[in-house]
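Everything numeric in this text was worked out from a predicted model, so none of it was measured. Proteins come first, then strands; the chains are lettered A, B, ... in the order of their sequence lines, and each starts at number 1.
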There are 2 protein chains.
Amino acid sequence: MKQKNELLSKNQQLVFELIEKANEPLKAYSILSSVQKKGIKAPLQVYRALNKLMEIGKIHKIESKNAFVACKNNDCKISKASAFYICENCEDISEVNNFKLTKYLSSFKANNEMKVSKYNLEFFGICKNCQIK
Amino acid sequence: MKQKNELLSKNQQLVFELIEKANEPLKAYSILSSVQKKGIKAPLQVYRALNKLMEIGKIHKIESKNAFVACKNNDCKISKASAFYICENCEDISEVNNFKLTKYLSSFKANNEMKVSKYNLEFFGICKNCQIK
DNA sequence: TTGTAAATGTTATATTATAACATTATTAAA
DNA sequence: TTTAATAATGTTATAATATAACATTTACAA
């Protein structure tokens with residue numbers, strides 16, 4: 001099986017390290033400005049790395065925010081199934097790691113409408129921390 | 001209860017009619033060019049109408065496509081819970097109308113992480129029609 | 001009738017993403 | 001080990017998506 005930690009190219013490595021170390025989703029142009037010291041000069045170089053990283057399941061895109069996070073599910077099988085909690089108050093985003101949910105959605109078939117090969121789910125609400133305040 | 005068919009303003013009406021009649025998700029600038037004959041001149045006028053229509057649940061945004069569709073679930077209760085099938089072959093998009101799924105996701109709580117008030121789910125795959133070909 | 005919120009109109013600009021084309025690196029097969 | 005194919009890179013320009021800021025008008029409840 002293709003491993004998630006297969007060798008990354010130079011640009012892919014730079015972009016991935018940045019995303020992995022961040023404790024929040026990063027936007028493409030913010031990534032760009034962070035890696036400009038390291039030789040990446042143009043948006044396209046970032047987008048190409050991002051696209052590749054998504055393809056191999058090392059990162060996910062938070063569609064509603066146009067931002068990118070490292071995959072926390074260290075299992076390449078579910079790299080094409082992503083789910084997130086997004087706090088509407090503090091903007092904190094975390095990946096849902098719930099086996100039942102993954103199983104339920106991955107095998108979801110309604111009226112035989114479609115062979116589902118991938119999904120993305122974004123839950124919005126108020127996170128635990130913000131509920132206390 | 002606030003009705004979904006509450007009175008819309010002029011611009012909101014124009015934009016909504018267009019989206020409702022379309023048989024595919026529409027993009028903001030495509031909407032703009034369609035309504036330019038009818039007095040709407042600037043992107044912002046379209047975006048403002050779109051935002052309002054989303055707020056009251058008459059349309060949804062397909063986040064992965066930056067496109068907008070009319071809500072097919074004629075029940076305002078679930079206007080904040082949207083799910084779609086997206087065919088990766090023909091780009092056809094349809095709203096999932098599955099009570100069990102809605103119920104499952106609306107009441108989803110994992111580790112008490114978050115009070116979920118809204119979600120968006122996008123399934124990708126190959127639609128029935130494209131599977132035949 | 002008047003004050004407030006919502007909607008509109010308008011110009012400019014910010015943000016996100018890809019097209020097109022030239023070049024270089026990597027890899028697998030002959 | 002050459003060669004051919006694929007992937008990755010570099011670069012400039014531009015397309016596509018979305019909001020800021022400000023002035024004005026409309027709707028409507030107090």
If only atom types and distance count, is the side chain of B:Gln131 paired as donor or acceptor with the main-chain N or O of B:Ile126 below 3.5 Å?
-> yes
Q) Side chains of A:Asn120 and A:Glu122: donor-acceptor distance under 3.5 Å anywhere? A) yes
Separation of D:dT9 atom P from A:Asn51 atom CG, nearest Å, is 12 Å
Rounded to whole Å, CZ of B:Arg48 lies from P of D:dT26 at a distance of 15 Å
Are B:Glu20 and B:Lys58 close enough for a salt bridge, meaning some N to O gap below 4.0 Å?
no
Over 60° means perpendicular and under 30° means parallel, so tell me whether A:Tyr29 and A:Tyr47 are parallel, tilted or perpendicular. perpendicular
To the nearest angstrom, the CG-C1' distance between B:Asn11 and D:dT26 comes to 12 Å
When all nucleic acid strands are considered with a 4.0 Å heavy-atom cut-off, which category describes A:Lys61: base, sugar-phosphate, or nothing? sugar-phosphate
From CG of A:Leu8 across to C1' of D:dA7 the rounded distance in Å is 13 Å
Heavy-atom nearest nucleotide on DNA chain D taken for A:Pro43 and for A:Ala49; more 5' hit belongs to A:Ala49
Residues joined to B:Phe84 in its hydrophobic cluster, side chain to side chain under 4.5 Å directly or through other members, sorted by chain and number, are B:Ile62, B:Val69, B:Ile86, B:Ile93, B:Phe124
B:Lys10 atom NZ is separated from D:dT25 atom P, nearest whole Å, by 14 Å
note: A:Gln12, atom CD; D:dA7, atom P; distance rounded to Å ~ 12 Å
Looking only at D:dA8, D:dT19, D:dT9, the nucleotide nearest the A:Lys52 side chain is D:dA8
Chain B vs DNA chain C, heavy-atom contacts under 4.0 Å, first-to-last nucleotide span, 5' to 3', is C:dA7 to C:dT11
Mind checking whether A:Leu101 and B:Leu105 have side chains closer than 4.5 Å, heavy atoms only?
yes
In numerical order, the residues of residues 23-40 of chain A whose heavy atoms come under 4.0 Å of DNA chain D are none
DNA chain C nearest-nucleotide lookup for B:Asn66 and B:Leu44: closer to the 5′ end is B:Leu44
Exercise. Report yes if a side-chain nitrogen or oxygen of A:Ser9 is closer than 4.0 Å to either non-bridging phosphate oxygen (OP1 or OP2) of D:dT9; otherwise report no.
Key: yes
Between A:Ile31 and the options A:Ile40, A:Leu26, A:Leu14, the side-chain contact (heavy atoms from CB on, under 4.5 Å) test singles out A:Leu26
B:Gln45 atom CD is separated from D:dT17 atom P, nearest whole Å, by 18 Å
So A:Leu8 and A:Val15, do their side chains get closer than 4.5 Å, heavy atoms only? no
In terms of relative ring orientation, are A:Phe123 and B:Tyr119 parallel, tilted or perpendicular, with 30° and 60° separating the classes? perpendicular
